[in-house]
Number of protein chains: 2
Amino acid sequence: MTTTNTAEISPRDRILEAAEELFARRGFAAVGISEIAESVGMSKSSLFHHFRTKAQLYAATVDRVLAEVDLELTRTLARGGSAADRLDRWIEVLIDLMARTPAHARLLLRSLFEEDEISNVLPEQQEADEKLQRIIQHANNVLRDGMAQGELRVANIPHTIQTLIGIIVYHFASGEFGDELIGRSIFHSDEVKRRKREIKAFLHHGLVIERGL
Amino acid sequence: MTTTNTAEISPRDRILEAAEELFARRGFAAVGISEIAESVGMSKSSLFHHFRTKAQLYAATVDRVLAEVDLELTRTLARGGSAADRLDRWIEVLIDLMARTPAHARLLLRSLFEEDEISNVLPEQQEADEKLQRIIQHANNVLRDGMAQGELRVANIPHTIQTLIGIIVYHFASGEFGDELIGRSIFHSDEVKRRKREIKAFLHHGLVIERGL
DNA sequence: ACATTATTCGACCGATCGGTCGGTCGATGA
DNA sequence: TCATCGACCGACCGATCGGTCGAATAATGT
């Protein structure tokens, strides 16, 4: 507690956090720079000192989220285990991460389905793309191994990845609609646990009961 | 073929079609009124002759999509059959509709996960909400019946609905990302058929193979 | 002590935003 | 023939957009 406290969060990170919250909720176009600056507690011009353009700020925000997702997935998959175990952990880690940081889920979904929100020649955008590729590659490897080992039913891998994204990411990005449908916050800890159980039951048993067995 | 040809599409519908295409691709905030007007081939002021505000135009666009979804689902479910059959048709109709009109999928996903894009007191918005409720209610009924009849595994119904939305709507809304992941257009007819097969296999068998059976 | 660097800011810019207004035009009906 | 009406448009409005610039201030290294 001397004169200046440099142990605090850097202004750059404070901007990134505020930007993530706003971009996640309303998207790139609907959020103004001045609004982000106000939320951080600085002037618009100060914000432009840390990020050259709005597009660069957005790309950096997305990159930051994807970096965290990639890091956690890489870490958990490095522990090895059977393909079924690794798939379990891939799902578990992704759910925990999005349940912990709701804005991540929405920004992740946006980065998947929004088209060219930004110019796509920014270095931050390219780095984010590479991280997304790695995240998908993780799923790809686990599914390939599991099917080769006979632990997983043989299915089309890209479609299976889309299914996993839809089941996990969409759910935690569904906001008010999800809350209304479920009946309480989709981020309530009991509801997150229930989501895990439901997903695992789906993966293990499907939904339709086979007749004539 | 007399003097005037009134059998053409009304200007209102031409606007709605152009607006859907643009709103679906880039969202409410990123699309300007003048851009829509230009796409229709009329001036901005003419557009405001047919719709009072941008928000009203957006609400009407969403309402139009939900009306079509609701209509087709109501129609196919009215044909009756076992719960498993009706679930099959619910899925099939939804997939066919979105494969036929890609913009529908993206606008539907936006209407689910985008928060208060518009003021929410517009009558068009409330009508759209009611249609969405009916669509969900259809799924609710089918799932409840199926579980009661022992045709479907007993699961949490709201979570199961989220899963179905994620599997179907997200996939067809995933745009460029989906195309890249799958390797060709997700709307290619072969790929749509494959999606149906994959979803049905998932519903019937899950993904993980149970050991020790 | 000084120079350097990082951080912040107010004032300002051209462009575009959603929306309004007054009025033109052609078709319709009496 | 004349009044009405829906469709359409150009000109314009205040507000906000993303972004620039020059200067003031605070922190740091020497």
Side-chain angles (χ1 to χ4, degrees), chain A residues 1-20 22-23 25-62 114 116-122 124-125, chain B residues 1-20 22-23 25-62 114 116-122 124-125:
Chain A
M1 207 180 279
T2 53
T3 47
T4 53
N5 192 348
T6 44
E8 290 172 1
I9 311 165
S10 77
R12 194 168 193 278
D13 284 334
R14 285 196 299 136
I15 295 172
L16 284 171
E17 277 175 27
E20 179 179 348
L22 289 166
F23 282 142
R25 185 146 36 211
R26 305 212 306 276
F28 177 75
V31 177
I33 287 285
S34 57
E35 190 182 358
I36 299 173
E38 190 180 354
S39 156
V40 179
M42 62 173 58
S43 77
K44 195 176 54 161
S45 352
S46 297
L47 196 149
F48 275 109
H49 173 74
H50 298 277
F51 298 92
R52 275 193 310 256
T53 65
K54 183 189 182 186
Q56 193 216 340
L57 170 57
Y58 184 78
T61 305
V62 171
E114 295 286 7
D116 49 5
E117 294 222 279
I118 57 179
S119 56
N120 103 343
V121 285
L122 293 167
E124 290 87 350
Q125 157 86 332
Chain B
M1 206 180 279
T2 53
T3 47
T4 53
N5 192 348
T6 45
E8 289 172 3
I9 311 166
S10 78
R12 195 169 192 278
D13 284 333
R14 285 195 300 134
I15 294 171
L16 284 171
E17 277 176 27
E20 178 179 350
L22 289 167
F23 283 142
R25 186 146 38 211
R26 304 212 307 277
F28 177 74
V31 177
I33 288 286
S34 57
E35 190 181 359
I36 299 173
E38 189 180 354
S39 157
V40 179
M42 63 173 59
S43 77
K44 196 175 54 161
S45 349
S46 297
L47 197 149
F48 275 110
H49 174 72
H50 298 277
F51 298 91
R52 275 192 309 254
T53 66
K54 183 190 181 184
Q56 194 216 339
L57 170 57
Y58 184 77
T61 306
V62 171
E114 295 286 6
D116 48 6
E117 294 223 277
I118 57 179
S119 56
N120 102 343
V121 285
L122 294 167
E124 289 87 352
Q125 158 86 333

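Just so it is clear: chains get the letters A, B, ... in the order the sequence lines come, proteins before strands, and each one is counted from 1. Both backbone and side-chain heavy atoms feed into the values below; hydrogens, waters and symmetry mates do not.
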*Asks:* For a quick check, tell me whether the side chain of B:Lys54 and the base of C:dG19 share a donor-acceptor pair closer than 3.5 Å.
*Replies:* no
*Asks:* State which of D:dT20, C:dC9, D:dC9 makes the closest approach to the side chain of A:Ser43.
*Replies:* C:dC9
*Asks:* With respect to the side chain of B:Lys44, which nucleotide from C:dT7, D:dG19, C:dG19 is positioned closest?
*Replies:* C:dG19
*Asks:* Mapping A:Arg14 and B:Glu35 to their closest nucleotides on DNA chain C, which lands nearer the 5' end?
*Replies:* A:Arg14
*Asks:* With DNA chain D as reference, determine whether A:Gly32 or B:Ser46 sits nearer its 5' end, using the nearest nucleotide of each.
*Replies:* B:Ser46
*Asks:* Taking only N and O in the side chain of A:Ser34, is any of them less than 4.0 Å away from OP1 or OP2 of D:dC17?
*Replies:* yes
*Asks:* On the nucleotide D:dA7, are OP1 or OP2 found under 4.0 Å from the side-chain N or O atoms that B:His49 carries?
*Replies:* yes
*Asks:* What nucleotide, of C:dG19, D:dC8, C:dT8, holds the atom closest to the side chain of B:Phe48?
*Replies:* C:dG19
*Asks:* Choose from C:dT8, D:dG18, C:dG19 the nucleotide whose nearest atom is closest to any side-chain atom of A:His50.
*Replies:* C:dT8
*Asks:* Is there a donor-acceptor pair closer than 3.5 Å between any side-chain N or O of A:Lys54 and the backbone N or O of A:Val31?
*Replies:* yes
*Asks:* After noting the C-alpha distance and the side-chain angles of A:Thr61 and A:Ile15, does the key distance pass the side chain to side chain contact (heavy atoms under 4.5 Å, CB included) rule?
*Replies:* CA-CA 9 Å; A:Thr61 305; A:Ile15 295 172; over 6 Å; no
*Asks:* Answer yes or no: is there an ion pair linking B:Arg52 with B:Glu124, defined by an N-O contact shorter than 4.0 Å?
*Replies:* no
*Asks:* Where the side chain of A:Ser45 is concerned, which of C:dA11, C:dG19, C:dT8 is the nearest nucleotide?
*Replies:* C:dA11
*Asks:* Would you classify A:Val40 as touching base, sugar-phosphate or nothing, given that sugar-phosphate means primed atoms plus P, OP1 and OP2, and contacts are heavy atoms under 4.0 Å?
*Replies:* nothing
*Asks:* Can a donor-acceptor pair be found, under 3.5 Å and without considering hydrogens, that links the side chain of B:Gln125 to the backbone of B:Val121?
*Replies:* no
